[in-house]
Asker: 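Dropping a structure here in structure tokens format, bear with me for questions.
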Amino acid sequence: MKKILTIGLVVLAVASCNKSEKKSDVISGNYNFGGSTTVEPIMNAAAEELKEKFKDINISYDSTGSTTGFTGVASGIYSLGGMSRELAVSEESSGLKVTPIALDGVAVIVNKASVGIDDLTMSDVGKIYAGEIKNWKELGGVDAEIVVYNRDEASGTRDCFGITVKYVGKKFRNDCPIVTSNGDMVSKVATTPNSIGYCGFGYIEKDQRVKAVKIGGVEPLEENVVNGKYSISRNLNIVYKEIKEGSFEKIFLDFLLSDIGQTIAREEGFIPLKK
Amino acid sequence: MKKSVRIFEKTTELTLLLCALVSILSVIFISVFIFKEGLPLFQKVGFFDFLFGGDWSPTGNPPSYGIANFIIGSIAVTFLSLLFAMPIGIGVGIFLAEISGKRLASFCRAVVQLFAGIPSVIYGLFGYIAIAPIIRRFSSSTTGLGIFTAAIILALMILPTIINITEVSLLSVKRNLREASVALGATDWYTISRVVLPAAKTGIAAGAVLGMGRAVGETMAVLMVAGNSVSRPGGILDLTRTLTMNIATDMKYASGDHYTSLFTTGIVLFVFILVLNLASNFLINRSIRGEK
Amino acid sequence: MKLNLKYDRNLGLKLKDKIAKGILIAFTAVSILVLFWIIGYILYKGSYSKKNVSSNFFIEKNTILPLDNLSEGGGESAPGEALVFIVNKHVKVDGLDVAQLKEFFTSARNPKWGFITEQNLNASVYALFPQDNQLAVKASSLLCGGEAYGASVNFEKSDDAVINSVAKDNGGIGFVSASSLAAAEKNRKVKILEVYYRQLVATSKDKSPSSIAHSEILRGLDNLSAQGLRLADYREVESSNLAPIEIQRPVSKFLLTPAFLFTPPARSGQWGGISHIIVNTLLLVFFTILISCPIGMGAAIYLTQYAKERWYVKLIRLGVETLAGVPSIILGLFGHVFFVKTLGLGIGFASAILSITIMILPTIIRTMEEALKSVPESYKEGSYALGSTKLATIFKVVVPAASTGIITGVILAIGRVVSETAVLLYTLGSSYQLVSGPSSSARVLSQHIYLLFSEAISFEKAFASAAVLIIMILAINLIANSLIRRMNKMQID
């Protein structure tokens, strides 16, 4: 029994090693990308799409966060990094290049079944997140405590949300549950009565038990982000060092910006850069 | 010829010694690296401000690093889980050692072993999907997550440790003690509760401390059910973030001082665990010596 | 339950005694029940799922899509002026609605089945060439509104050619005229799709629910009209700009299918199965054991056969004890700063193996020590008496005699490796591709479960993966238990 197991494992190991050693005359090898969790779906989908063309490449995308995307590229761990925010002032001196590949709007979502409100002003949202409004009653809703979900300290989504919704001079209340991804945010808001949270547009539809509210009467729609009416939005960026013409990184980046790449971005729920 | 054999024997012994040294070397390396990475923040923020500061906003302006809330969270979750697990663990331990038949006991032991073998992600998943809705239903908690839920899950996770050690220390109580008690006309339960249990108390305490170590160090399961709020918990239904959760959550994004601060959190956790380990070692040694 | 009372029975049991014992028994029973609850719950949730799915179309068993202009009283068309849609049998779909069909035939790139079936499969779309006959022209005007077909659509001259192409292509989908229904049914590699083209609309604008249960519609038309609703053909809905009402229906399916186990994951784990993840897990276990066992074994042999109570031996024991207590997240931190950064191995397989090796060393050393200690002194003495050296005695007599215990130790260690997550978070990365080398980032089963859960990618898949993990753990425990039993028997002999 044990022998069979061992032999099986060895065969597996050898088989998987062989696979990577096959050489192709065009482009082959391992490519490690990584960074923002928000960008991950686009990168993975694009990688899978490109793999159909380039059979001998191995692309991996580590969803480790925007900051890691940046430091990973700077230290050479990743050749392309995903960032769901712009470079910080301290990061600009690094000489890394940034290319936007799609837009993302951040929608304010509430639990559909229990929250009757579907329009909030920016300052309402700010007050809710600063802890000054604690009950839906104060906004004309039912008499129930608002359950506020927030993202972790350094997430790009929180960054974007925090900059635009900043309630003058106030910090976020710190007694609310922290979730660490867009998907998690949606599933938490979906399952918690009277809750509010925020997530990228692409995630609203993941669960039908949440609804996105209008902000100051503006619906969270693609066109409203593009025409600037809806202000909680951000660029999704790819960060990289010098990339050579003809390198796979260049091909990948071009693919992301091509029509098909932009279709992928839309499929994953983001807003394409061009129509 | 003989000499070469002796050299061979000697080198083998040395190699084996080297193998044995790997674990102690690992401990040294772990300590050195965690401390080296984490200590600089103590200079920057100040030892007491870090430990007793209640504000954690590492990306704020200015950033502030205070892990008091997480220490409170860790302690609250750990003690509550011990509170749940101790009576049941000791009870099952007594049952296995003193009451149950051999066959039943070996079945139960297999069950306990399985308990210990279940991965912590699965405990977390179970806690989130099965336990949290129950808590939400029967309490004022809005999310169903928090200290209480985490403590229940942790209690399940440390149960095997407590059961095992209780059983072992009960079994190691000398037979003549029991016989003396029974001969004096004591009932079974009287013998167990007044004679055997006191004699095994050091061992059981060691089990509790060991369980505590596991609870403090557990990451994944707590991460999935404790709610991860950075504020100071006010009651057992409140959300909390423990030391381990702090490392696991922020590691994804942290850079600069924030990154260092996670290692500093690691130092606190590490020292915590070391103290608990030493305590349980001390207790175990004492209980062994007590037998002799 | 028969209580085995070890002490004098003559004294009789007092009530208090009975109560105390009752409580203990209850505690034990509860613990056992909780364990079975956990395992049962995960296995159940992981193998079977039932959830509400909403659609704009009414799901019915109708295989023919009428094409003609709408006549009074609904879509009754003669065969020959209607379409039949066929797919390759590999595609796990029973039917598609008109909106989905249009999407397939107008997509700018190769459409994916994943959005509908969660399979990682490219769709190859086959259509009849629109110039060829009246039917094909009508079909094109329906499927792409008179504009050109999507760039990825392949054209065939005849129904038979479409059937053959769809049969050949694992992700094939295409349409034929309804008169070729029989021919399509005969082909074993092709199945006829159900087409959903009727939608639910309100008869008056005043009261229309936002969604309605599928079972309500099944109860009959009278029931519907009582609620102010009716079923309308998609053409009518389109032409008169009606707003269709969502229809909710429960969909149940089995999750632990062979396809789940044997296909690789795609789209962050949303599509496909977990084959890569399982292989990665096995590889991680294999290499970790390969490295940690010799070291642990060596340490155990040293501690049991060579060590005398010197200070450094005490130190070694203290080291093992301490290491056993170090929380896995700390090991993860250490792995990240030491293996990943200082040694420059990067986030990947090598760093993960080394970090996890450190984690399981204490387990291995302890169990192997126990195993070696259980070998009777007489064996060794016999060997020495025959003139063997110490080394020969150890490797030819002691180790073989302890082999069952050693294997048990290895198996328990495997269990720990399989269930570990925290160490791997920041040493192994999160790519779900097959491991391709020491520096390649990867993910294993426990991590996959965590990521599916925490990124809320798919709870179903998270549970299904958890069920696989639980089954692995159960198997490992069973093997370990039977070995321990064998070992105990041997000792008694």
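Being a predicted model, the structure only gives us computed values, none of them experimental. These values consider heavy atoms only, across backbone and side chains, with no hydrogens, waters or symmetry-generated copies.
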Asker: Top residue by heavy-atom pair count (under 4.5 Å) with chain C, among B:I247, B:I163, B:L125, B:V22?
Answerer: B:L125
Asker: Quick one: pull up NZ in C:K390 and OG1 in B:T12 and give me the separation to the nearest 0.5 Å.
Answerer: 11.5 Å
Asker: Is the C:F453-B:Y128 ring centre distance short of 6.0 angstrom?
Answerer: yes
Asker: Tell me which of these, C:L412, C:I449, C:N481, C:I484, has more heavy-atom pairs under 4.5 Å with chain B than the rest.
Answerer: C:N481
Asker: Can you find a heavy atom in the side chain of B:F115 that is under 4.5 Å from one in the side chain of C:V34?
Answerer: yes
Asker: Quick check: closest heavy atoms across C:A299 and B:C19, and the distance to 0.1 Å?
Answerer: N-CB, 3.5 Å
Asker: Taking B:Q113 for the side chain and C:N477 for the main chain, is one N or O donor matched with an acceptor at less than 3.5 Å?
Answerer: no
Asker: Indicate the atoms forming the closest heavy-atom contact of B:N277 with C:E321, along with that distance.
Answerer: ND2-O, 4.5 Å
Asker: Which atoms of B:I131 come close to chain C, meaning under 4.5 Å heavy atom to heavy atom: side chain ones, backbone ones, both, or neither?
Answerer: side chain
Asker: So which of B:V121, B:I273, B:L262 has the biggest tally of heavy-atom pairs under 4.5 Å with chain C?
Answerer: B:V121
Asker: Please list, in residue-number order, every residue in residues 24-36 of chain B that has a heavy atom less than 4.5 Å from any heavy atom of chain C; write 'none' if there are none.
Answerer: B:I24, B:S26, B:V27, B:F29, B:I30, B:F33, B:I34
Asker: Could you pull out the closest heavy-atom pair between C:F27 and B:G91, with the gap in Å?
Answerer: CD1-CA, 4.0 Å
Asker: Does any backbone or side-chain atom of C:I394 lie under 4.5 Å from a heavy atom of chain B? Answer side chain, backbone, both or neither.
Answerer: neither
Asker: Could you grab the distance from atom CD1 of B:I153 to atom CD1 of C:I38, nearest 0.5 Å is fine?
Answerer: 6.5 Å
Asker: Is the closest side-chain heavy-atom distance between B:F8 and C:T389 below 4.5 Å?
Answerer: no
Asker: Ignoring hydrogens, what is the shortest heavy-atom contact between C:Y426 and B:A248? Give both atom names and the distance.
Answerer: OH-O, 2.6 Å
Asker: Is it true that the NZ or CZ of C:K341 lies under 6.0 Å from the centre of B:F263's six-membered ring and within 45 degrees of the ring axis?
Answerer: no
Asker: Considering only heavy atoms, which portion of C:S446 lies under 4.5 Å from any heavy atom of chain B: side chain, backbone, both, or neither?
Answerer: both
Asker: Applying a heavy-atom distance below 4.5 Å, give me the residues of residues 355-367 of chain C that approach chain B, sorted by number.
Answerer: C:I358, C:L361, C:I365
Asker: Using 0.5 Å steps for rounding, measure from the CD1 atom of C:I329 to the CE atom of B:M251.
Answerer: 8.0 Å
Asker: Which answer fits C:I42, side chain, backbone, both or neither, if we ask what part of it has an atom under 4.5 Å from a heavy atom of chain B?
Answerer: side chain
Asker: Which heavy atom of B:S23 sits nearest a heavy atom of C:L323, and at what distance?
Answerer: CB-CD2, 3.8 Å
Asker: Between B:I88 and C:S31, is there a side-chain heavy-atom distance shorter than 4.5 Å?
Answerer: yes
Asker: Who among B:V216, B:N281, B:L17 has the most heavy-atom pairs with chain C under 4.5 Å?
Answerer: B:L17
